[in-house]
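Reviewing the structure listed below.
Chain identifiers are assigned alphabetically (A, B, ...) following the order of the sequence lines, protein sequences preceding nucleic acid strands; residue numbering begins at 1 within each chain. Bear in mind that the values here come from a model prediction, so they are computed numbers and not experimental data.
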There are 2 protein chains.
Amino acid sequence: MSNRHTGRANRGRRPGAPDTRAEILASARTLFAARGFGSTSVRAIAAGAGVDPALVHHYFGSKDDLFVAALELPVDPRVALRPVLEGGLDGAAERLLRVFLSVWDDETARLSLLGLIRGVFEPSGRQLLRDGLLGVVLGPLGPALGLDEPQRRVALVASQMMGLVMLRYVLEVEPLASMDGEVLVATYAPTLQRYLADPLPS
Amino acid sequence: MSNRHTGRANRGRRPGAPDTRAEILASARTLFAARGFGSTSVRAIAAGAGVDPALVHHYFGSKDDLFVAALELPVDPRVALRPVLEGGLDGAAERLLRVFLSVWDDETARLSLLGLIRGVFEPSGRQLLRDGLLGVVLGPLGPALGLDEPQRRVALVASQMMGLVMLRYVLEVEPLASMDGEVLVATYAPTLQRYLADPLPS
DNA sequence: GTCTATAAATCGATAGAC
DNA sequence: GTCTATCGATTTATAGAC
């Protein structure tokens with residue numbers, strides 16, 4: 001596990017001077033928050049961390065992966081949402097709600113997510129939440145479900161889910177705060193399904 | 001209107017020593033935020049301001065009036081919502097959305113309201129927003145429209161409106177942020193009407 | 001153990017004296 | 001403008017019947 005206390009110290013490669021991986025993450029968080037995902041280049045992140053751009057890919061894979069890591073989400077939304085995306089448009093709202101509630105009703109995940117929501121009122125936090133929620137979390141719904149006007153439909157879905165979060169988990173308004181998950185699914189699924197699939201006005 | 005600059009200064013009664021009205025307001029804000037509307041008595045507010053309870057009524061009328069004043073809302077929700085309450089259940093969602101958007105799309109009012117929303121993450125601000133939004137603003141919908149399960153229906157309505165506020169006015173997500181008001185009404189009215197009038201699950 | 005009746009305290013609001 | 005006195009309603013607590 002380590003070569004400390006083996007009698008023969010200083011064997012092998014020493015740990016990288018300052019923790020390179022952490023510096024890349026810090027640089028990414030700062031830049032993503034300040035300029036948004038689209039306007040931040042991997043090269044800029046590498047420069048901010050004082051490392052070679054190739055190291056960014058070495059540690060994190062794609063720029064998307066790095067963004068997800070920088071968000072510090074308790075779950076990888078691309079994994080969690082897979083069953084939602086793969087099931088087709090029928091019943092998509094219901095599956096989405098179930099995934100959504102299972103994450104938010106887990107206490108550890110909830111605390112982490114609340115931290116993200118908290119940043120809403122600072123410009124950097126807004127940018128992060130916009131790109132994260134609309135881009136990474138709900139964005140894939142558009143292509144995967146074959147939505148027309150994907151941006152608009154996804155924004156409508158997001159508006160209802162964000163409101164549910166605010167009332168149930170932030171403001172803790174009754175009876176929403178202690179309502180059974182299945183009842184919530186039954187209540188909100190028709191709304192979300194309408195936003196996803198029904199004809200949009202004008 | 002005033003005796004300033006009339007050439008004969010200091011006419012009439014001078015303003016009361018410490019501004020009693022303002023002290024009552026300050027005391028009310030503190031107590032409403034800390035304990036909530038229901039658990040705060042007019043007597044406690046008066047004690048906090050060091051004045052007689054009757055003065056509270058003298059300056060502000062009812063306890064409800066005082067609460068609205070303490071919220072520093074840009075409009076009196078009880079006045080603004082009158083047409084919503086009086087029109088009956090049919091079309092209530094549409095009328096509610098129109099009033100809602102007319103207030104939020106006014107810049108002065110919006111800035112003031114955003115200040116209220118900002119307090120969501122502090123316990124005192126939560127209490128204030130809960131009592132304000134659910135109690136004063138949307139609460140009257142229950143009795144006026146003759147809703148069954150008024151608490152639940154009003155909370156559902158609030159969850160969609162709060163989400164719309166977050167996406168359109170706080171996060172400023174497109175295309176919601178610059179969407180025409182009438183399109184928004186047409187989009188969200190069916191959702192709100194369902195929350196108000198349709199059978200609820202379980 | 002559960003429900004009802006009643007007593008006590010507290011509250012919001014008003015009228016009127018200073 | 002400020003305060004005393006007080007009403008009527010609501011809430012809270014207690015006691016006793018079943």
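Phosphate contact (OP1/OP2 of dT2(D), side-chain N/O of T20(B), threshold under 4.0 Å): present.
Legend: residues meeting side chain to side chain contact (heavy atoms under 4.5 Å, CB included) with V103(A), ordered by chain and number and at least two apart, are V75(A), A109(A), L113(A). Residues forming a side chain to side chain contact (heavy atoms under 4.5 Å, CB included) with P201(B) (at least two apart in sequence, or on another chain): V183(A), A186(A), T187(A), R152(B). E174(A) pairs by the side-chain hydrogen bond (donor to acceptor under 3.5 Å, both in side chains) definition with S178(A), not counting sequence neighbours.
Backbone-only contact: Y59(B) has heavy atoms under 4.0 Å from sugar-phosphate atoms and none from a base.
Every pair passing salt bridge (charged side-chain N to carboxylate O under 4.0 Å, His left out) that includes a residue from residues 42-68 of chain A is listed here, sequence neighbours excluded: D65(A)-R78(A). Listed by first then second residue, pairs satisfying salt bridge (charged side-chain N to carboxylate O under 4.0 Å, His left out) with a partner in residues 79-96 of chain A read E94(A)-R98(A), not counting sequence neighbours. Note on residues 156-171 of chain A: pairs passing salt bridge (charged side-chain N to carboxylate O under 4.0 Å, His left out), not counting sequence neighbours, are D105(A)-R168(A). Pairs engaging residues 183-202 of chain B under the ring pair (Phe, Tyr, Trp, His ring centres under 6.0 Å) rule: Y188(A)-Y195(B), Y195(A)-Y188(B) [sequence neighbours left out].
Side-chain N/O atoms of Q160(A) and S159(B) include a donor and acceptor closer than 3.5 Å.
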Dot-bracket notation for DNA chain D, counting Watson-Crick and G-U pairs under 3.5 Å, with | for partners on another strand: ||||||||||||||||||
Report, one pair per line, the protein and nucleotides 10-16 of chain C atoms (nitrogen or oxygen only) whose separation is under 3.5 Å.
from, atom 1, to, atom 2, distance (Å)
dG12(C), OP1, V42(B), N, 3.4
dG12(C), OP1, K63(B), NZ, 2.9
dG12(C), OP2, V42(B), N, 2.6
dG12(C), N7, R43(B), NH1, 2.9
dA13(C), OP2, H57(B), NE2, 3.1
dA13(C), OP2, K63(B), N, 2.7

